[in-house]
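Note that the structure is a prediction, hence the values are computed from the model and not measured.
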Amino acid sequence: MVRFIYRNMALLLATVMTALAITMHNMFLLLVRHHHTVLHDIRHAVFAIVLFGIFYAILRYIQALPDDAD
């Protein structure tokens, strides 16, 4: 039984992730429909996360540069 679950984990995971995505989409639509200002706040949050990701990538790139040992 464990081997069967292990072999079909991708199918199970895809099913669970699809159900989760549909649920999150429906909840988001209900939230925006009933609270119009929430969409504005969500855009700010997404922008902040993207900006954080860009800064993190820049810092990791700088850390990955070789040290000048002159």
Side-chain angles (χ1 to χ4, degrees):
M1 183 69 178
V2 173
R3 201 179 312 168
F4 175 77
I5 293 173
Y6 183 72
R7 280 187 301 180
N8 295 315
M9 185 60 69
L11 182 61
L12 176 67
L13 190 59
T15 305
V16 169
M17 289 176 69
T18 301
L20 184 63
I22 291 170
T23 302
M24 294 301 294
H25 181 263
N26 289 337
M27 293 299 288
F28 178 74
L29 288 179
L30 284 173
L31 187 66
V32 169
R33 184 180 302 150
H34 295 292
H35 302 282
H36 303 289
T37 58
V38 171
L39 184 60
H40 187 68
D41 294 336
I42 290 174
R43 286 183 182 157
H44 280 157
V46 168
F47 180 72
I49 291 170
V50 168
L51 194 61
F52 173 79
I54 291 170
F55 288 156
Y56 180 77
I58 290 171
L59 289 174
R60 293 296 292 174
Y61 174 73
I62 291 171
Q63 287 178 343
L65 290 175
D67 291 333
D68 292 336
D70 291 332

Could you pull out all residues at least two apart from L30 that satisfy side-chain contact (heavy atoms from CB on, under 4.5 Å)? R33, H34
Please tell me whether I62 and I54 are part of a single hydrophobic cluster in this structure, the criterion being side-chain heavy atoms less than 4.5 Å apart. yes
Within a strict 4.5 Å, meaning less than it, do heavy atoms of the R60 and Y56 side chains meet? yes
What's the separation between atom CG in L20 and atom OG1 in T15, rounded to the nearest 0.5 Å? 12.5 Å
Interatomic distance, H44 atom NE2 to L51 atom CG [nearest 0.5 angstrom]: 12.0 Å
Hydrophobic cluster identity match, I42 and V50, side-chain contacts under 4.5 Å: yes
hydrophobic_cluster_shared for V46 and F28, side chain cutoff 4.5 Å: yes
